[in-house]
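Okay, structure first, notes after.
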Amino acid sequence: MMSTATQLYRIAILISGSGSNLQALIDARAAGQLPVEIALVLSDRPDAYGIQRALNNKIPAVCIPLVRPHDPDTRAAWEIRLADLINLFAPDLVVLSGFMRVLSPAFLARCQAPAINQHPALLPDDGGEVVYTSNGSVVPALRGAHVVTDALRLGLPITGCTVHRVTSRVDDGPILARTEVVILADDTEASLHTRIKEEEQRLVVEVVRQLSIAHSA
Ligand code: GRF
């Protein structure tokens, strides 16, 4: 008899570090709140704890390190291997979840699935330089790898996190969701990043859930 079961929405998750957001996706799936299959976890760093989190949950996990990141030929070859491996697992969505490498337009063209990115700061809808927050303050759109420190250094009242579609522009692309986090007077980088990550974990689960529902509708 032919199976009538529909295939679950498949996601590939790219990480570079601890993988607490990956864990949130794993936990939501285990709790029956996220109808997806985590098809692959891919890291650019062999010491990323997220690899262990994936293996603990019987999720295929692969590390493809980027050696000589400043050599354009090495980098291009690395991106090809990355995209080809992702394509082999045929995900419907690629989630950049604390993946600390910029991916080029060539990667985005080769990778067959759309990608979304988690960013630990507020990004605007218009791709511009400022974000209007809910309490009326205007804060700069922080981009790059050090945005938690930047928010503190600039003395901002509010920061947050954003999930957006990945385009060829770094830390830009259509916004899918955003949450604000108030900065406290005694915040350190660690305390602020912990609160942002709590929001990021909620946000990424919700966005992936919405995309999976839209996919199966
Ligand atoms: C997150 O804050 C993400 O936005 C940033 O790196 C952190 C990754 O955390 N780019 P984890 O590896 O999911 O714990």
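All values derive from a computational prediction rather than experimental measurement. Note that ligands are numbered from 1 as they come in the structure, with each ligand's atoms numbered from 1 the same way.
Geometrically, ligand 1 and G19 share a nitrogen or oxygen pair separated by less than 3.5 Å. Checked by distance only, ligand 1 and H119 stay at 3.5 Å or farther apart across all their nitrogen or oxygen atoms.
Using a cutoff of 4.0 Å between basic side-chain nitrogens and carboxylate oxygens, K197 and E200 are not scored as salt-bridged. Contact check on R195 versus E198 returns no salt bridge, with no Lys/Arg side-chain nitrogen under 4.0 Å from an Asp/Glu carboxylate oxygen. Between D150 and R153, at least one side-chain nitrogen of the basic residue sits less than 4.0 Å from a carboxylate oxygen of the acidic one, meeting the salt-bridge criterion.
The shell of residues lying under 4.0 angstrom from ligand 1, judged by heavy atoms, excludes Q201.
With rounding to the nearest 0.5 Å, the separation of NE2 in H215 from CG in D92 is 4.0 Å.
Near K197, meaning under 4.0 Å from one of its heavy atoms, ligand 1 places the atoms 2 (O), 9 (O), 11 (P), 14 (O). Close approach of ligand 1 to H193 is summarised as follows: ligand atoms under 4.0 Å from at least one heavy atom of the residue are 1 (C), 2 (O). In the vicinity of S20, heavy-atom distances shorter than 4.0 Å reach the ligand 1 atoms 11 (P), 12 (O), 13 (O), 14 (O). In the vicinity of M100, heavy-atom distances shorter than 4.0 Å reach the ligand 1 atoms 10 (N).
Closest protein heavy atom to atom 13 (O) of ligand 1: N21 ND2, 2.8 Å. Looking at atom 3 (C) of ligand 1, its nearest protein heavy atom turns out to be E200 OE2, 3.4 Å. Ranking protein heavy atoms by distance to atom 6 (O) of ligand 1, first place goes to G98 CA, 3.6 Å.
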Under the salt bridge (charged side-chain N to carboxylate O under 4.0 Å, His left out) criterion, do R143 and E129 qualify, and how do the steps go? CA-CA 9 Å; R143 298 186 172 90; E129 299 307 318; 3.7 Å; yes
Check against salt bridge (charged side-chain N to carboxylate O under 4.0 Å, His left out), D125 and R178: CA-CA 10 Å; D125 291 315; R178 193 169 39 218; 3.3 Å; yes
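If you check the side chains of S97 and Q118, you find a donor sitting under 3.5 Å from an acceptor.
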